[in-house]
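Values below: every heavy atom of this structure, side chains too, minus hydrogens, waters and symmetry copies.
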Amino acid sequence: MNWKLCISLLFWTIAIPESAIAHGVIVQSQTTSAIKINAAYDSGTPMVNAEVRIYTPQDPSTPWMTGNTDDNGQFLFIPDHDNSGLWEATVRQAGHGALIAIPVSPPGEEVSDSTQNAIASNSASSPVQKWVAAAAVIWGFIGTALFFTRLKPSDDVGDDSPHITSQESQN
């Protein structure tokens, strides 16, 4: 196999930008009289038609409301302010998603900081994950190169019969 091709493929595999390898999710909420959730991938692309589930502080296992984000990755809902505390919202689409805690206060009370960011935990951003992935790709290239460069068996390999030359046969 052409070693220049192998080295070139290895270089481009390692040189792939992180955004092409994997991406996380950024979910934001903004509290007004209603709560607006903005969901986008960390590349900035909105999560269009992503599944949204809203949970109250009193019942975090049963969704209080479900729906989908719009074409801009936004979802708007009005919480029941009688259920004050940390509401939770999950946003999921095609294996990507995040959970965000949204503080909801009783009417008349103000929440100090109502804008929050959450980055999905399924993003491959840790250095250990990057090195393991790079090592696996390198090992795959080495194995493939070794497979294609192995010696081809010749026709007489494994033939245990002695070969008699024309001079030996005359004697």
Side-chain angles (χ1 to χ4, degrees), residues 1-31 35-57 59-77 79 85-104 111-154 157-158:
M1 180 171 197
N2 187 349
W3 287 101
K4 290 180 183 178
L5 177 64
C6 287
I7 291 172
S8 176
L9 288 173
L10 178 66
F11 171 76
W12 286 109
T13 301
I14 294 173
I16 292 174
E18 178 183 336
S19 63
I21 293 174
H23 55 269
V25 174
I26 298 173
V27 176
Q28 299 175 334
S29 71
Q30 183 178 27
T31 304
I35 296 177
K36 180 171 81 171
I37 296 174
N38 295 315
Y41 296 106
D42 57 0
S43 64
T45 306
M47 293 179 71
V48 178
N49 202 28
E51 178 186 27
V52 179
R53 292 181 182 209
I54 309 296
Y55 300 91
T56 64
D59 189 5
S61 60
T62 305
W64 177 76
M65 173 185 278
T66 60
N68 293 4
T69 58
D70 63 10
D71 291 340
N72 297 319
Q74 298 178 349
F75 183 79
L76 187 69
F77 73 100
L86 284 178
W87 287 53
E88 292 183 348
T90 61
V91 180
R92 297 208 175 277
Q93 183 179 46
H96 299 283
L99 169 75
I100 186 169
I102 305 166
V104 174
V111 179
S112 60
D113 183 16
S114 61
T115 302
Q116 301 178 8
N117 295 325
I119 297 176
S121 60
N122 62 352
S123 140
S125 60
S126 79
V128 174
Q129 289 175 328
K130 290 178 187 175
W131 282 105
V132 168
V137 169
I138 292 168
W139 183 253
F141 278 125
I142 291 171
T144 303
L146 290 174
F147 176 78
F148 285 111
T149 60
R150 72 184 191 280
L151 295 175
K152 302 277 190 240
S154 62
V157 174

Open item on the list: Given Phe75, which partner from the list Asn68, Asp70, Ile54 fulfils the side chain to side chain contact (heavy atoms under 4.5 Å, CB included) test?
Closed with: Ile54
Open item on the list: For a quick test of reading the model, state the closest non-hydrogen atom pair linking Pro103 to Ala101 and the distance between them.
Closed with: CD-O, 3.8 Å
Open item on the list: Applying side chain to side chain contact (heavy atoms under 4.5 Å, CB included), can you list everything that pairs with Thr56, at least two apart in sequence or on another chain?
Closed with: Gln58, Asp59, Trp64, Asn83, Trp87
TODO: Please round to the nearest 0.5 Å and tell me the distance separating atom OH of Tyr55 and atom CG of Leu99.
DONE: 9.0 Å
Open item on the list: Closer than 3.5 angstrom, by distance alone: can the side chain of Thr144 be matched with the main-chain N or O of Gly140 as a donor-acceptor pair?
Closed with: yes
Task: Separation of His96 NE2 from Tyr41 OH (nearest 0.5 Å) - done: 5.5 Å
Task: Closest non-hydrogen atom pair, Gly73 against Pro46 - done: N-CB, 3.8 Å
Open item on the list: If I take atom CD1 from residue Ile37 and atom CD1 from residue Ile100, how far apart are they, to the nearest 0.5 angstrom?
Closed with: 7.0 Å
Task: Rounded distance (nearest 0.5 Å) linking atom CG of Asp42 with atom CD1 of Ile26 - done: 5.5 Å
- [ ] Using side chain to side chain contact (heavy atoms under 4.5 Å, CB included) as the criterion, list what pairs up with Asp71, not counting sequence neighbours.
- [x] Val48
Task: Nearest heavy atoms of Pro57 and Leu86, plus distance in Å - done: CG-O, 3.5 Å
- [ ] Taking Thr69 for its side chain and Ala50 for its backbone only, find out whether a donor-acceptor pair lies under 3.5 Å.
- [x] yes
TODO: Output the distance between atom CZ (Arg53) and atom OG1 (Thr62), rounded to the nearest 0.5 Å.
DONE: 10.5 Å
TODO: Can you sort out the partners of Glu88 under salt bridge (charged side-chain N to carboxylate O under 4.0 Å, His left out), two or more places apart, ordered by chain and number?
DONE: none
TODO: Quick one: do Gln93 and Glu51 satisfy side-chain contact (heavy atoms from CB on, under 4.5 Å)? Show the steps, please.
DONE: CA-CA 6 Å; Gln93 183 179 46; Glu51 178 186 27; over 6 Å; no
